[in-house]
Amino acid sequence: MIHHFGGIIVSPLATIGSNCTMRHGVTIGSKIDDGPVPVLGDGVVLGAYSQVLGDVRLGNRAVVGAMAVVLADVPEGGVAVGVAARVARVESSE
């Protein structure tokens, strides 16, 4: 699902799971030309203007805050915020 469409850039090589949500201004891609690209699990939510760059894996149900820059893996149920993003908490699957 894309909320408030506009300015979304996704590498054609990126893998995006089912039921993901992207808000406006999101970028999913590599850090260098022809470099590795992100893999997003199912149910991932990307906040406005967030960036997910490079060889990064976002686990199922991960949430990335608005304007966060994700350069490292986010575990299943993790909530990542900041520049460079850090995992602020991990939501239980129960």
Side-chain angles (χ1 to χ4, degrees):
M1 175 181 293
I2 297 176
H3 282 278
H4 308 289
F5 174 76
I8 295 174
I9 299 170
V10 179
S11 167
L13 302 176
T15 302
I16 300 175
S18 63
N19 299 316
C20 291
T21 300
M22 291 179 229
R23 298 208 164 52
H24 56 284
V26 166
T27 299
I28 301 171
S30 63
K31 294 190 277 187
I32 59 172
D33 288 342
D34 299 319
V37 295
V39 174
L40 281 60
D42 297 336
V44 171
V45 176
L46 301 175
Y49 298 103
S50 61
Q51 299 175 43
V52 184
L53 304 172
D55 189 16
V56 174
R57 294 186 181 279
L58 276 59
N60 295 335
R61 301 179 333 279
V63 176
V64 176
M67 298 172 68
V69 178
V70 179
L71 302 173
D73 293 351
V74 177
E76 182 172 329
V79 178
V81 296
V83 179
R86 63 179 175 76
V87 176
R89 70 175 186 233
V90 177
E91 298 290 328
S92 172
S93 62
E94 297 175 10

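Along the sequence shown, residues are numbered consecutively beginning with 1. Just so you know, these numbers come straight off a predicted model, no measurement behind them.
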Same cluster or not: [X] versus [Y], using hydrophobic residues (I, L, V, M, F, W, Y) connected whenever any side-chain heavy atoms lie under 4.5 Å apart?
{"X": "Val87", "Y": "Val56", "result": "yes"}
{"X": "Val70", "Y": "Val83", "result": "no"}
{"X": "Ile16", "Y": "Val39", "result": "no"}
{"X": "Leu40", "Y": "Leu71", "result": "no"}
{"X": "Val45", "Y": "Ile2", "result": "no"}

Approximate separation, where rounding is to 0.5 Å, of [X] [atom1] and [Y] [atom2]:
{"X": "Ile28", "Y": "Thr15", "atom1": "CD1", "atom2": "OG1", "value": "10.5 Å"}
{"X": "Arg23", "Y": "Ile8", "atom1": "CZ", "atom2": "CD1", "value": "10.5 Å"}
{"X": "Glu76", "Y": "Leu58", "atom1": "CD", "atom2": "CG", "value": "11.5 Å"}

Considering non-hydrogen atoms only, spot the tightest contact between [X] and [Y] and give its length.
{"X": "Val81", "Y": "Ala88", "value": "CG2-CB, 4.0 Å"}
{"X": "Ala80", "Y": "Ala68", "value": "O-CB, 4.2 Å"}
{"X": "Pro75", "Y": "Ala62", "value": "O-CB, 4.1 Å"}
{"X": "Gly43", "Y": "Cys20", "value": "N-SG, 4.0 Å"}
{"X": "Pro38", "Y": "Gly29", "value": "CD-O, 3.4 Å"}

Can you list the other members of the hydrophobic cluster that holds Tyr49, where links are side-chain heavy atoms under 4.5 angstrom apart?
-> Met67
Would you mind listing the cluster partners of Ile32? Hydrophobic ones only (ILVMFWY), side-chain contacts under 4.5 Å, chaining allowed.
-> none
Val74 and Val44, any side-chain heavy atoms less than 4.5 Å apart | no
Does Arg57 offer a backbone N or O that forms a donor-acceptor pair with the side chain of Asp73 under 3.5 Å?
-> yes
Who passes side chain to side chain donor-acceptor pair (under 3.5 Å) against Asp42, sequence neighbours left out?
->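 So Asp42 forms a side chain to side chain donor-acceptor pair (under 3.5 Å) with Ser18.
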